[in-house]
Amino acid sequence: MKSLIRQRLEAIVKELYGFVPEAYNLEVPREKAHGDYATNIAFLLAKNLKRKPDDIAQEIANKLSDAYLQAQALRGFINFKFKEELLKEEFVKLLENPQLYFFEKVKEPLYMMVEFVSANPTGPLHVGHGRGAVVGDVLARILERFGHKVVREYYINDAGYQVYLLGLSVLYRYYELYGKEDLQLKEVFEREGYRGEYIKELAREVKELYGSSLLEKDKEEAIDFLREFATKKLLEEIKATLQEFGVFFDSWVSEKGLHQEGLVEEVLKELERRCYIYEQEGALWFKSSTFGDDKDRVVRRSDGTYTYFAGDIAYHYHKYRRGFQKVINLWGSDHHGYEKRLMASLKALGIPEDWLVVEFVQMVKIFKEGQEVRMSKRTGDFVSLQELLQEVGKDAVRFVFLTKTSDTPLDFDIDLVKKKSSENPVFYVQYAHARIRGVFREVKERYGIDADSSDLRPYIRELDSQEDIELIKKCLFLKDVYEGVLDSFSPHLITYSLIELAKDFHHYYNHHRVMVEDKKVMLSRLTLFKGVELTLKTAFEILGISAPERM
RNA sequence: GUCCCCGUAGCUCAGUAGGAUAGAGCGCGAGAUUCCUAAUCUCGAGGUCGGAGGUUCGAAUCCUCCCGGGGACGCCA
């Protein structure tokens, strides 16, 4: 709907004044009386043309109005109102094929990647990961609907010290099972080890499978073996949780694999060739400060091992060479300071600046009985995503994770989300769908009219009350919302619009009955409900939540 | 100490590249069911948009300073 205005507006402005100002607004005005959309373009033109905004707005408005669109100049603003004919024609398109209507294919589809979750395989997923998972998943779904080719990737940090500590922690617990003490091991474990209950479980599993054979083994060898064993197990667990959460990946890339394939060495050589690498105190440094980072960073330690950063440069260079035209990374907010560094490395490698977009996903704080539940992987005291899913269900978790912009912290009140009441927005929205399905069942039973298979399009004509038109608009508006998500990578906009749509629907439902004497009115309202149903269903598919028949 | 994010109704937050009279949900108060699901609806109270300057036709939004909250600053990942 918005792009419809935009096209016409720009054409006319260009015709009248020879240019279109860059940063003009076209948005839904706060005040309903100001129409469906409004623009400030006349103010911007006024500056350039040295004329009164009022006059310019008037000029444009006069040229713009036609059978479909009413444009009105008011104190320098131009207000647009869609005429009923246009709204009804658009609504027919929606009824015929919601997918086609809501997601117009982009002209130039891109080969894209969304990299998300990428949690270290050192423990179960926590709720913060869950938030990233939903945001990434929904983003990927939207990009796909608009015609982009999207690969969802999970980067596995299975190299380096953290997974070494994982192996060490399992070994410590394993020794414990046999009453074996190792002071050096104990010292490291108590300082940095993973203490969650799941480590003990892994140790027990090892005992069951391999008995006491690891007691004889060299300690480092045993840690190596257990690291391998534990990351594999935990990764399986992560995959299972994600699957239960409705999140799937096309591709899993291992950090260790990058090292083994020599990609890390290769990219460092490339950086060296470009003269961005130097040696100091026995370590190799990357000159990230030349590209806006605060200081230079180590890529190879003095002991000869590579840093996580080195692996990450290689990973992204590899992504680039795999042919992705645009990459979106979803990172936990604790990686905020890391962005500059990585961007610097990409610049150094000659990769275009807008190739990579990093979106940050902030913390989720869990509240239970009014108390914050503290989370720490080290001490093992945390609510896992698995537990949360079991407690409140997939639909509620996914929806709530999308009710705020991902870059602000989210408070998740378990007790509130468990409530099946209006306090809980997901039920409010799903209830609208269930109510419509209920009406359809009833109409079929009483009158033998099947809303799912009948051609209802002709009855749109009969809809003419203010509230009919408002509801139609709310459905059509979702199209603009999806396009907004495509531009801003902010899937949370969808939940807001859905709550508004549901609100208008519930209002309508309480004021107008479908099953009335006048058949024409009945059929027209059935048509309206069909459109709302399809709009909701399409949105639920994108959000990955269910569209219940009854509640 | 340096850098980043945030401060909007009692609470949790929207406010989409500076726009028109400041938005929603929850909570609170009052009401609605002979009729397709009351998990709903209707009405109401509630605000110096953290503070002070500045930029301009116009500021919650941009700039400077201050106050308050959170995060990041490893040869960890």
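We name chains A, B, ... by the order of the sequence lines, and we start the count at 1 in each one. Keep in mind it's a predicted model, so treat the numbers as computed, not measured.
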Next item on the list: Round to the nearest Å and state the distance from A/Y164 atom OH to B/C75 atom P.
Entry: 20 Å
Check: Closest nucleotide of RNA chain B for A/E549 versus for A/N157: which of these residues is on the 5' side?
Finding: A/E549
Next item on the list: Using a 4.0 Å heavy-atom cut-off across all strands, classify A/R446 as base, sugar-phosphate, or nothing.
Entry: sugar-phosphate
Notebook entry, point to check: Within the structure shown, what part of the strands sits under 4.0 Å from A/Q430 by heavy-atom distance: base, sugar-phosphate, or nothing?
Noted result: nothing
Margin query: If we count only N and O atoms by modelled type, under 3.5 Å, do the side chains of A/N157 and A/Q162 hold a donor and an acceptor together?
Written below: no
Item checked: Atom-to-atom span, CZ of A/R513 to P of B/U34 - whole angstrom -> 11 Å
Note to self: Just checking A/K256: does its NZ atom have more than 12 heavy atoms from other residues, nucleotides or ligands closer to it than 6.0 angstrom?
What the structure shows: yes
Next item on the list: Any chance you could lay out the side chain to side chain donor-acceptor pair (under 3.5 Å) test for A/R6 and A/Y24, step after step, and finish with the verdict?
Entry: CA-CA 11 Å; A/R6 190 182 286 283; A/Y24 73 94; 3.1 Å; yes
Item checked: Distance, rounded to the nearest Å, where A/K256 contributes NZ and B/A77 contributes P -> 15 Å
Check: Under 4.0 Å between a side-chain N or O of A/R301 and OP1 or OP2 of B/C76?
Finding: yes
Next item on the list: Would you mind reading off the distance between A/K503 atom NZ and B/G25 atom C1', rounded to a whole angstrom?
Entry: 9 Å
Notebook entry, point to check: So what does A/N79 touch, heavy atoms closer than 4.0 Å: a base, only the sugar-phosphate, or nothing?
Noted result: base
Check: More than 12 foreign heavy atoms under 6.0 Å from CZ of A/F189: is that the case here?
Finding: yes
Notebook entry, point to check: Does A/E228 come within less than 4.0 Å of A/K232, counting only side-chain N to carboxylate O?
Noted result: no
Check: Looking across every strand, which nucleic acid part, if any, lies under 4.0 Å from A/F360 by heavy atom: base, sugar-phosphate, or nothing?
Finding: nothing
Check: Can A/R435 be said to sit on top of A/Y509's aromatic six-ring, NZ or CZ under 6.0 Å from centre and within 45° of the ring axis?
Finding: yes
Check: For A/F309, which contact category applies under a 4.0 Å heavy-atom criterion: base, sugar-phosphate, or nothing?
Finding: nothing
Next item on the list: Measure from the side chain of A/R441, starting at C-beta and using heavy atoms only, and say which of B/C73, B/U37, B/A77 lies closest.
Entry: B/U37
Next item on the list: Using the P atoms only, state how far B/G15 lies from B/A9, rounded to an integer number of Å.
Entry: 15 Å
Checklist line | Listed nucleotide nearest any side-chain atom of A/W285, set B/C75, B/C36, B/A77 | finding: B/C75
Margin query: Over all strands shown, is A/H511 touching base, sugar-phosphate only, or nothing at heavy-atom distances under 4.0 angstrom?
Written below: sugar-phosphate
Note to self: Tell me whether the side-chain N/O atoms of A/Y508 come closer than 4.0 Å to OP1 or OP2 in B/C36.
What the structure shows: no
Check: When the C1' atoms of B/G19 and B/U56 are considered, how many whole Å apart are they?
Finding: 12 Å
Margin query: Out of the candidates A/Y278, A/Y276, A/W285, only one should pair with A/D296 under the side-chain hydrogen bond (donor to acceptor under 3.5 Å, both in side chains) rule; please name it.
Written below: A/Y278
Checklist line | Nucleotide nearest A/Q362 (side chain, heavy atoms from C-beta), chosen from B/C5, B/C41, B/A39 | finding: B/C5
Notebook entry, point to check: When rounded to the nearest Å, what value does the distance between P atoms of B/G54 and B/A60 take?
Noted result: 15 Å
Margin query: Is the distance from the ring center of A/F103 to that of A/Y482 below 6.0 Å?
Written below: yes
Next item on the list: At under 4.0 Å between heavy atoms, which parts of nucleotides 11-19 of chain B does protein reach? Answer with one letter per nucleotide, 5' to 3': B base, S sugar-phosphate only, - none.
Entry: -SSSSBB-B
Margin query: Walk me through whether A/E255 and A/Y306 qualify under side chain to side chain donor-acceptor pair (under 3.5 Å).
Written below: CA-CA 11 Å; A/E255 184 187 359; A/Y306 295 106; over 6 Å; no
Next item on the list: Side chain of A/M551 only, please: which of B/C41, B/C76, B/A39 is the nearest?
Entry: B/A39
Notebook entry, point to check: Which nucleotide in the list B/A20, B/C75, B/A77 gets nearest to the side chain of A/R75?
Noted result: B/A20
Check: In dot-bracket, 5' to 3', how would RNA chain B read with Watson-Crick or G-U wobble pairs under 3.5 Å, [ ] for crossing ones and | for pairs to another strand?
Finding: (((((((..((((.....[...)))).(((((.......))))).....(((((..]....))))))))))))....
Check: Taking the P atom of each, how far is B/U33 from B/G70, in whole Å?
Finding: 50 Å
Margin query: Would you say A/R550 places a side-chain N or O within less than 4.0 Å of OP1 or OP2 belonging to B/A39?
Written below: no
Checklist line | Chi angles and distances behind the ring pair (Phe, Tyr, Trp, His ring centres under 6.0 Å) call for A/Y161, A/Y308 | finding: CA-CA 9 Å; A/Y161 193 56; A/Y308 172 77; over 10 Å; no
Checklist line | Separation between the C1' atoms of B/C28 and B/A45, rounded to whole Å | finding: 9 Å
Check: How would you label the contact of A/G484 with the nucleic acid (heavy atoms, under 4.0 Å): base, sugar-phosphate, or nothing?
Finding: nothing
Next item on the list: Answer yes or no: does atom CD of A/E445 have more than 12 heavy-atom neighbours from other residues, nucleotides or ligands under 6.0 Å?
Entry: no
Checklist line | Within residues 525-537 of chain A, residues whose heavy atoms come under 4.0 Å of RNA chain B | finding: none
Next item on the list: Describe the nucleic acid contact of A/A432 in one word from base, sugar-phosphate, nothing, applying a heavy-atom distance below 4.0 Å.
Entry: nothing
Check: Distance between the P atoms of B/G68 and B/G31, in whole angstroms?
Finding: 46 Å
Next item on the list: Give the rounded distance in Å between these two atoms: NE2 of A/H335 and P of B/A77.
Entry: 11 Å
Next item on the list: Could you give the distance separating B/G47 and B/U37 at their P atoms, to the nearest angstrom?
Entry: 41 Å
Notebook entry, point to check: Over how many whole Å does the gap from A/I277 atom CD1 to B/C75 atom P extend?
Noted result: 15 Å
Note to self: Please compare A/G438 and A/V298 by the position of their nearest nucleotide in RNA chain B and report the one closer to 5'.
What the structure shows: A/G438
Check: Could A/E470 and A/K473 be called an ion pair, given the rule that one side-chain N must be under 4.0 Å from one carboxylate O?
Finding: yes
Next item on the list: Could you give the distance separating B/G23 and B/G29 at their P atoms, to the nearest angstrom?
Entry: 26 Å
Next item on the list: Quick one: label A/H512 by what it contacts on the DNA or RNA (base, sugar-phosphate, nothing), any heavy atom closer than 4.0 Å.
Entry: base
Check: From A/L536 CG over to A/I436 CD1, what is the distance, rounded to the nearest 0.5 angstrom?
Finding: 5.5 Å
Notebook entry, point to check: Above 12 or not: heavy atoms from other molecules or residues under 6.0 Å from CD of A/E353?
Noted result: no
Checklist line | For atom NE2 of A/H433 and atom C1' of B/U37, their distance in whole Å | finding: 14 Å
Margin query: So A/A38, base contact, sugar-phosphate only, or nothing? Heavy-atom distance under 4.0 Å.
Written below: base
Item checked: Aromatic plane relationship, A/Y315 with A/Y155 - under 30° parallel, 30 to 60° tilted, over 60° perpendicular -> parallel
Next item on the list: Using only heavy-atom distances, decide whether a donor-acceptor pair under 3.5 angstrom links the side-chain of A/T307 to the base of B/C75.
Entry: no
Notebook entry, point to check: Once you round it to whole Å, what is the distance between P of B/C26 and CZ of A/F427?
Noted result: 15 Å
Margin query: Does A/E467, at its CD atom, have more than 12 non-hydrogen atoms belonging to other residues, nucleotides or ligands within less than 6.0 Å?
Written below: yes
Check: Any side-chain N or O of A/K295 less than 4.0 Å from the OP1 or OP2 oxygen of B/G74?
Finding: yes
